[in-house]
Amino acid sequence: MNNPLKSLVKSAYYSPKINPIAVKAYSALHPPPYHRPNMEFDYDVWLGISSFFSKDGRQIGEANTAPERYKVVIDTEFRPCKFEGTRYGLLTNITASRHVLAEIQNAIQLATLLRNHYMQRRGLQGERMNLLQSYVFSKMGAALTAFHARRRDNRIESGSLAPLETAFFTLGVGPFMVVRALMEMGSLIPLDPEPKSAEELYELADSSRSLISNDGTRGCAGSKKLIIQFADVVWNGSFKGELKSPEALRVFNSVDDWDGFYAYVYASSKLELMIKLHQALCSQALILLHDHPELCSAQEREWVEDALSHFTVSLGRGAEGRELLNNMIRVLVALMDEHDAPQIRSELQAAGLIAADGSGLDRAQAVAAGPRQTAARVLARSGEVLYPHCQQELSAVHAALNRFQDSQISLSDLYQRCNGPQVEPLMAALRA
């Protein structure tokens, strides 16, 4: 399709009159992610369920709904953000903000009910959580809707999600978003074992740009005061009132299978982390090849660039990019430990893919051993170590949902998911 025609079709698809009909027709032919057996592998849980509809006819991912072809154009009021910090001047979704604010007191009690249950089940001491601990808890924010929407029994349908669940889908994932943003900018702050004050958490959220959409055009509509208040509840357990909100209790009690729910939260979260870990390890190998173009053919250089382009984290080249990846790998490995999966660290270390502190490729050793040989080894060994665990966690997801048990993934699926279709021809060329 030539570009003018493609632009015309795209313009028509996203026009307010045609779009809802077009998305419905497209979804009938190509079901949205939450209907697919391997949603948790193909997408992270938040993105996969984001196109689900609430009772008010809006998608729960709002303007961040993905993939874009499933996003319905709906009347939404945006205003420039007037809060100081990284959000200033960006557009904020006022329509969604009103819906969230209407449920904020119920959401505070729901968050407290869930964190109390989580901390008791985990055996965590004290009332406060550090960043790594909060990451695992916060994965419940999106998993709550995804679990109810995807399981075999007592499944809810798109268009039936009540206001509190819709609001909590936005609010509950806050800690996860902050830790992910810090990790993807190469920060080691998530490794600090000490809990932080609500004010410190707000500063981390702002400075990490976790309050800004991926495309950098929109900012969170919540005020600084509101974000600090909710952060203090989630991270530090600041709510001390009676937990008697009927809506909060209704949502809490809707989890009628806690073992299945926790199994889903952990398995889907570990799967997401291992995909990122495989991407990061492979990207180290790809950057090594990029830094030695004289050792690659023109075709191989094209494959390297294509494979790197599939990593959603913005990587600089040179020492800065290498340090970011090393730090990111350290945080990812620590998060696997927090998910009760220390075998990932030990297996990666035994395979020579990470050091004792969790950092990745030793640049000097890699160059001395030969960039092509090292890249070939890292690309191959990363898949060999992580693929069986990815398959295991996907099977655990299916078991928790009691659905899709016949669906499997291959090693090739893992490489294509993480680095696109050109990485395997590149690996074959490196082996040859």
Side-chain angles (χ1 to χ4, degrees), residues 14 16 44 46-47 50 58-66 68 71 73-105 107-108 111 131 134-135 138 141-142 166-190 192 195-236 238 312-316 320-321 323-324 327-328 331:
Y14 292 108
D44 67 41
W46 195 97
L47 287 176
S50 66
R58 302 180 70 85
Q59 289 173 306
I60 59 176
E62 284 286 343
N64 295 313
T65 294
E68 189 177 3
K71 183 164 66 176
V73 176
I74 192 168
D75 187 34
T76 303
E77 181 184 358
F78 288 96
R79 293 181 190 171
C81 180
K82 296 183 179 180
F83 303 124
E84 62 181 13
T86 57
R87 293 178 289 165
Y88 183 80
L90 299 179
L91 295 177
T92 57
N93 187 333
I94 300 302
T95 305
S97 178
R98 291 192 187 106
H99 294 168
V100 170
L101 287 172
E103 296 294 329
I104 190 64
Q105 295 307 316
I108 285 173
L131 289 170
S134 73
Y135 178 99
S138 181
T166 303
F168 194 72
F169 180 78
T170 299
L171 293 167
V173 297
F176 150 67
M177 294 290 192
V178 172
V179 175
R180 185 180 70 175
L182 288 167
M183 174 178 68
E184 292 184 350
M185 64 187 290
S187 171
L188 294 177
I189 290 175
D192 185 351
K196 300 189 181 301
S197 69
E199 290 76 13
E200 289 176 307
L201 293 165
Y202 175 80
E203 292 303 321
L204 288 176
D206 184 56
S207 62
S208 68
R209 300 178 67 85
S210 67
L211 302 177
I212 297 175
S213 63
N214 289 336
D215 63 7
T217 62
R218 300 180 305 279
C220 171
S223 69
K224 180 177 180 179
K225 180 180 178 181
L226 177 65
I227 295 172
I228 287 177
Q229 178 190 20
F230 197 75
D232 211 21
V233 169
V234 173
W235 265 290
N236 298 323
S238 63
T312 55
V313 178
S314 179
L315 293 173
E320 183 178 345
E323 181 181 6
L324 184 155
N327 289 351
M328 184 176 176
V331 175

A.B. asks: For the backbone of Leu131 and the side chain of Ser134, can you confirm whether one donor and one acceptor N or O come within less than 3.5 Å of each other?
C.D. replies: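 Indeed, once roles are kept as given, a pair shorter than 3.5 Å links the two residues.
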A.B. asks: Rounded to the nearest 0.5 Å, what separation is found between the CG atom of Leu171 and the CD1 atom of Ile108?
C.D. replies: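 That separation rounds to 9.0 Å.
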A.B. asks: Do Thr76 and Arg58 have a side chain donor and acceptor closer than 3.5 Å?
C.D. replies: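 Note: Thr76 and Arg58 side chains meet the donor-acceptor criterion.
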A.B. asks: I would like to know whether Val178 and Tyr135 meet side chain to side chain contact (heavy atoms under 4.5 Å, CB included); could you show each step before the answer?
C.D. replies: CA-CA 8 Å; Val178 172; Tyr135 178 99; over 6 Å; no
A.B. asks: Strictly distance-based, threshold 3.5 Å: is any side-chain N or O of Glu200 a donor or acceptor partner for the main-chain N or O of Ser197?
C.D. replies: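 Looks like yes, one N/O pair under 3.5 Å.
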A.B. asks: Please round to the nearest 0.5 Å and tell me the distance separating atom CD of Glu84 and atom NZ of Lys224.
C.D. replies: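 NZ of Lys224 is found 5.5 Å from CD of Glu84.
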A.B. asks: Check whether any side-chain heavy atom of Glu199 lies under 4.5 Å from a side-chain heavy atom of Ile228, and answer yes or no.
C.D. replies: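 Heavy-atom side-chain distance check passes, below 4.5 Å.
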A.B. asks: Measuring only between side-chain heavy atoms, which start at C-beta, is Gln59 closer than 4.5 Å to Ser50?
C.D. replies: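 When only atoms from C-beta onward are counted, Ser50 and Gln59 do not touch, as no gap falls below 4.5 Å.
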A.B. asks: Side chains of Leu101 and Leu226: does their closest heavy-atom pair fall under 4.5 Å?
C.D. replies: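 The answer is yes, as the side chains (C-beta and beyond) meet within the 4.5 Å cut-off.
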A.B. asks: Mind checking whether Thr217 and Leu91 have side chains closer than 4.5 Å, heavy atoms only?
C.D. replies: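 Result no, sub-4.5 Å side-chain heavy-atom pair not found.
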A.B. asks: At their closest point, which heavy atom of Pro175 faces which heavy atom of Val234, and how far apart are they?
C.D. replies: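 For Pro175 versus Val234, the nearest heavy atoms are CG-CG1, 3.6 Å.
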A.B. asks: What's the separation between atom OG in Ser223 and atom NZ in Lys82, rounded to the nearest 0.5 Å?
C.D. replies: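 Interatomic distance, Ser223 OG to Lys82 NZ, rounded to 0.5 Å: 14.0 Å.
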A.B. asks: State the CG-OG distance between Leu90 and Ser213, to the nearest 0.5 angstrom.
C.D. replies: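 OG of Ser213 is found 7.5 Å from CG of Leu90.
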A.B. asks: With sequence neighbours excluded, tell me which residues meet side-chain hydrogen bond (donor to acceptor under 3.5 Å, both in side chains) with Lys71.
C.D. replies: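 In terms of side-chain hydrogen bond (donor to acceptor under 3.5 Å, both in side chains), with neighbours along the sequence ignored, Lys71 is linked to no residue.
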A.B. asks: Any donor and acceptor pair, going by atom type alone, linking the side chain of Arg209 with main-chain N or O of Gly216 inside 3.5 Å?
C.D. replies: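 Judged by distance alone, no pair lies under 3.5 Å.
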A.B. asks: Is the centre of the Trp46 ring less than 6.0 Å from the centre of the Phe169 ring?
C.D. replies: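 That pair passes the under 6.0 Å test.
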A.B. asks: Restricting to non-hydrogen atoms, name the atom on Phe230 and the atom on Ala111 that form the minimum distance, rounded to 0.1 Å.
C.D. replies: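 That would be CZ-CB, 4.1 Å.
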A.B. asks: Over all heavy atoms of both residues, which pair between Gly85 and Asp206 is shortest? Give the atoms and the distance, please.
C.D. replies: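 Heavy atoms of Gly85 and Asp206 come nearest at CA-OD2, 3.6 Å.
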A.B. asks: Going by the side chain to side chain contact (heavy atoms under 4.5 Å, CB included) test, name the single residue among Thr92, Thr86, Ile212 that passes it with Cys81.
C.D. replies: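 Of the listed residues Thr92, Thr86, Ile212, the side chain to side chain contact (heavy atoms under 4.5 Å, CB included) partner of Cys81 is Thr92.
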A.B. asks: Scan Glu103, Glu62, Glu77 and name whichever one has a salt bridge (charged side-chain N to carboxylate O under 4.0 Å, His left out) with Arg98.
C.D. replies: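 When salt bridge (charged side-chain N to carboxylate O under 4.0 Å, His left out) is applied between Arg98 and each of Glu103, Glu62, Glu77, only Glu77 qualifies.
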A.B. asks: Would a 4.5 Å heavy-atom cut-off, applied to side chains only, mark Ser210 and Arg180 as touching?
C.D. replies: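 Sidechains of Arg180 and Ser210: no contact.
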A.B. asks: More than 12 heavy atoms of other residues, nucleotides or ligands under 6.0 Å from CG of Asp215: is that the case?
C.D. replies: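 Buried by this count: over 12 neighbours within 6.0 Å.
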A.B. asks: Taking the side chain as C-beta and beyond, is there a heavy-atom pair between Asn93 and Phe78 under 4.5 Å?
C.D. replies: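 Heavy-atom side-chain distance check passes, below 4.5 Å.
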A.B. asks: In terms of side-chain geometry, is the basic nitrogen of Asp232 or Lys196 positioned less than 4.0 Å from the acidic oxygen of its partner?
C.D. replies: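 No, no charged N to carboxylate O under 4.0 Å.
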A.B. asks: Nearest 0.5 Å please: distance from the CG atom of Leu188 over to the CG atom of Leu182.
C.D. replies: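 So the gap between those two atoms works out to 10.0 Å.
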A.B. asks: The test is side chain to side chain contact (heavy atoms under 4.5 Å, CB included); show your working for Ser187 and Asn327 and say whether it passes.
C.D. replies: CA-CA 7 Å; Ser187 171; Asn327 289 351; over 6 Å; no
A.B. asks: Should Phe83 and Leu211 count as side-chain neighbours, where that means a heavy-atom distance under 4.5 Å?
C.D. replies: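 No - every pair of side-chain heavy atoms lies 4.5 Å or more apart.
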A.B. asks: Drop me the distance from Trp235's CH2 to Ser138's OG, to the nearest 0.5 angstrom.
C.D. replies: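 So the gap between those two atoms works out to 7.5 Å.
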A.B. asks: Going by atom types only, do Arg218 and Asn64 share a side-chain donor-acceptor pair under 3.5 Å?
C.D. replies: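 The criterion, which ignores hydrogens and geometry beyond distance, is satisfied for Asn64 and Arg218.
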